[in-house]
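Report on the following structure.
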Amino acid sequence: MRRIENIEVAWIMSEIADLLELKGETVFKIRAYRKAAKAIANLATDLAVLLVEKQLETVPGIGKAIAAKIEELLKTGTINYYENLKSEVPFGLLEIITIPGVGPKMAQELYQKLKISSVDELEAAAKGRKIRELPGMGGKTEMNILRGIEMLRSGVGRTTLGIADALAEAFVGFLRVLPGVEYAGAAGSTRRMQESIGDIDLVVGATETEKVIDIFVRHPQVKRVLNQGDTKASIVTLMGVQIDLMVVSPEQYWSALHHFTGSKEHNVRLRELAHKKGLKINEYGVFSRDDDSSLPVSGEADIYAHLGLPYIVPELREDLGEIEAAQEGKLPELLELADIKGDLHIHSDWSDGVNTIEQIAGKAAEIGYEYIAITDHSKSLGIARGLSVERLTMQNEYIREMNERTTGLEIMSGIEVDILANGDLDYPDEILAEKDVVIASVHSGFRQEEAKLTGRVISAMKNEHVDIIAHTTGRLIGRRDAYAINMEAVFEAAVKYGTALEINSSPDRLDLNDKYVRKAAEMGIKICINTDAHDIARMDEMRYGTAMARRGWLSREDVVNTMEKDRLRRFLAQRN
DNA sequence: GCCGTTTTCGGCCCGACTGTTTTCAGTCG
């Protein structure tokens, strides 16, 4: 039987939750399946491995019943319970509840009264004014349904961290200068630096809240106002990104910022802790349950302090162990952007980059780096003007001369060598031996089967000249899935051969992702955070890669390019 | 269905906005 990926199991658990919801099951059971789905999606270890080791039930959120269903799925390829549910609930209803504004209750009602079981049927009924005939529904309900269907089809969907971050920054700048505004900031998954963003959350602390909302919804970037109240509003921008704004009084700002930064799971855990301490936490503050009196909050750290916890940074707030670590005083000392001393994966105009090595060096000096590596493409990558052996030798010489007349910044001569479809590297060893930094990566044969692709990457890792594997899974966020690669095996090889793995900082890649980063570091694998910039403007994307490292719980010691120059040299020389 | 330094049974976070209602359920985050 084919191998079932964790993400597929997570998907099925989430679909079971949806089906149970449509059946009107108790919310706690539904919540349990949702929680399990999330926990599984966040695992960096294959469920199959956990199953063999009888460790399934050690995963928080997975108990006896769900563990048994996972075992059944992995062994037989199906879950009886799930199949039965699917036969009880019309499949189309699952799609109907993905329409914004349409939930399980409405879907059930529409199905029972009007026999609606697909989005198309729903659209026809709304247009035909059939829905207003039902109790509790009216003309506005029909409008909302049609609008929701349009949103679903127009792909108001997830966006990359890069776009969300820039958009949030622009709106925060706009809000910050409005009259009466004391604080404005981005919250939500953008602030937590999640790899993709569903909608942008903004929080404002202001003396005149309604005025701020009023101006916000009339911003020129606003295509549509989804809802608007006294303290909250949601809009969709011209680019199709949803932005939610919450406006509170300046005193309430930190509680609101914390609340909307989330994650939801992290907040739920905190509120449970608060409950046990006789406290209540919401977006307006921290309160005593006895007399409703409020406790002082003049920064997010105060909220944690009231719970007896040290401050937890936004990147860790996922309920993936950070609360337990905080309780035990074992939070990691996270890497900071300022710890990064250089970028070891940059393309110049010698291959498919747009800037000269001089311009790249200028930008690096501006950032304050101690070193960079120029790593152009290798000869087989014709589409990217990969360097012939002759041009590569010329580039070596060119960089050597540049270093002689440059002070402060060291430019290393590197290469991003292709791992060819047959597993060979694109240059012979004696050429690779001349380079300071050798990065190896896959740019072809994406569709090969898992064993073959994994074998290619591992054989590159075996090569003593290869220092770093770049964008190891090959995924492009929202556009291309990771290729079939056995990451367990790659990690084992990285440990065995001492090869470092890259976090590619491009918001389109973020590869390795946070969960793999965390797993790799736990195994003692060194991580290198690079931008893979083809344009000097994108050398600033280092902060996204650093954010991924922080989300993966990395300290400075875990990261190759936090080393000062001489130590880095020794590290690279070890691998030759 | 999960979970337990108060619990193996009885809990399981908190509030805003909307539409259709006269007091609230559904949906969302």
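Nothing here was measured: the structure is a model prediction, and the numbers come from that model. To find a chain, count down the sequence lines: A is the first, B the second, and so on, and within it residues start at 1.
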Stacked pair A/Phe28-B/dC2, distance under 5.5 Å, angle under 30°: no
Under a plain distance cut-off of 3.5 Å, with no hydrogens placed, do A/Ser255 and A/Gln252 share a side-chain donor-acceptor pair? no
In whole Å, what separates the C1' atom of B/dT21 from that of B/dG26? 13 Å
Out of B/dC12, B/dG19, B/dC2, whichever nucleotide has its closest atom nearest the side chain of A/Lys140: B/dG19
Check the angle between the aromatic planes of A/Tyr253 and A/Tyr183 and answer parallel, tilted or perpendicular using the 30° and 60° thresholds. parallel
In terms of side-chain heavy atoms of A/Lys280, which of B/dG15, B/dC2, B/dG29 is nearest? B/dG15
Can you work out whether A/Thr231 or A/Gly101 has the more 5'-proximal nearest nucleotide on DNA chain B? A/Thr231
Compare the minimum distances between each of B/dG1, B/dG26, B/dC17 and the side chain of A/Tyr81, then state the nucleotide with the smallest one. B/dG1
Taking the six-membered ring of A/Tyr33, is NZ or CZ of A/Lys35 closer than 6.0 Å to its centre and within 45° of its axis? no
Look at the side chain of A/Lys264 and decide which nucleotide, out of B/dG1, B/dC17, B/dG29, has an atom nearest to it. B/dG29
Per atom distances to the A/Arg31 side chain, the nearest of B/dC12, B/dT20, B/dA16 is B/dC12
Report yes if at least one side-chain N or O of A/Arg289 is closer than 4.0 Å to OP1 or OP2 of B/dC14; otherwise report no. yes
Side-chain atoms of A/Ala65 come closest, of B/dG15, B/dG1, B/dC14, to B/dG1
Nearest-nucleotide pick for A/Asn144, side chain only, options being B/dC12, B/dT18, B/dG15: B/dT18
Looking at A/Asn267, I'd like to know whether one of its side-chain N or O atoms comes within less than 4.0 Å of OP1 or OP2 on B/dC14. no
Side chain of A/Ile66 (C-beta onward), nearest among B/dG29, B/dC2, B/dT27: B/dC2
For the P atoms, the ones on B/dT8 and on B/dG4, what distance do you get once it is rounded to whole angstrom? 13 Å
So if I take every side-chain heavy atom of A/Tyr284 and compare against B/dT27, B/dG15, B/dG1, which nucleotide ends up nearest? B/dG15
With under 30° as parallel and over 60° as perpendicular, where do the rings of A/His219 and A/Phe174 fit, or are they tilted in between? perpendicular
Nearest-nucleotide wise, let me know which of A/Leu226 and A/Glu283 is further upstream toward the 5' end of DNA chain B. A/Glu283
Can you tell me the pairing partner of B/dT8 across any strand shown, Watson-Crick or G-U wobble, with both distances under 3.5 angstrom? none
Listed nucleotide nearest any side-chain atom of A/Lys69, set B/dT27, B/dT18, B/dG1: B/dG1
With C1' as the reference atom in both, quote the distance from B/dC12 to B/dT7 in angstrom, rounded to an integer. 12 Å
Extract all donor-acceptor atom pairs below 3.5 Å that involve side chains of residues 37-53 of chain A and protein atoms in other chains or at least two apart in sequence.
residue	atom	partner	partner atom	Å
A/Asn42	ND2	A/Lys38	O	3.2
A/Thr45	OG1	A/Lys519	NZ	2.9
A/Asp46	OD2	A/Arg3	NH2	3.4

For a quick test of reading the model: is some side-chain N or O of A/Thr141 closer than 4.0 Å to OP1 or OP2 of B/dT18? no
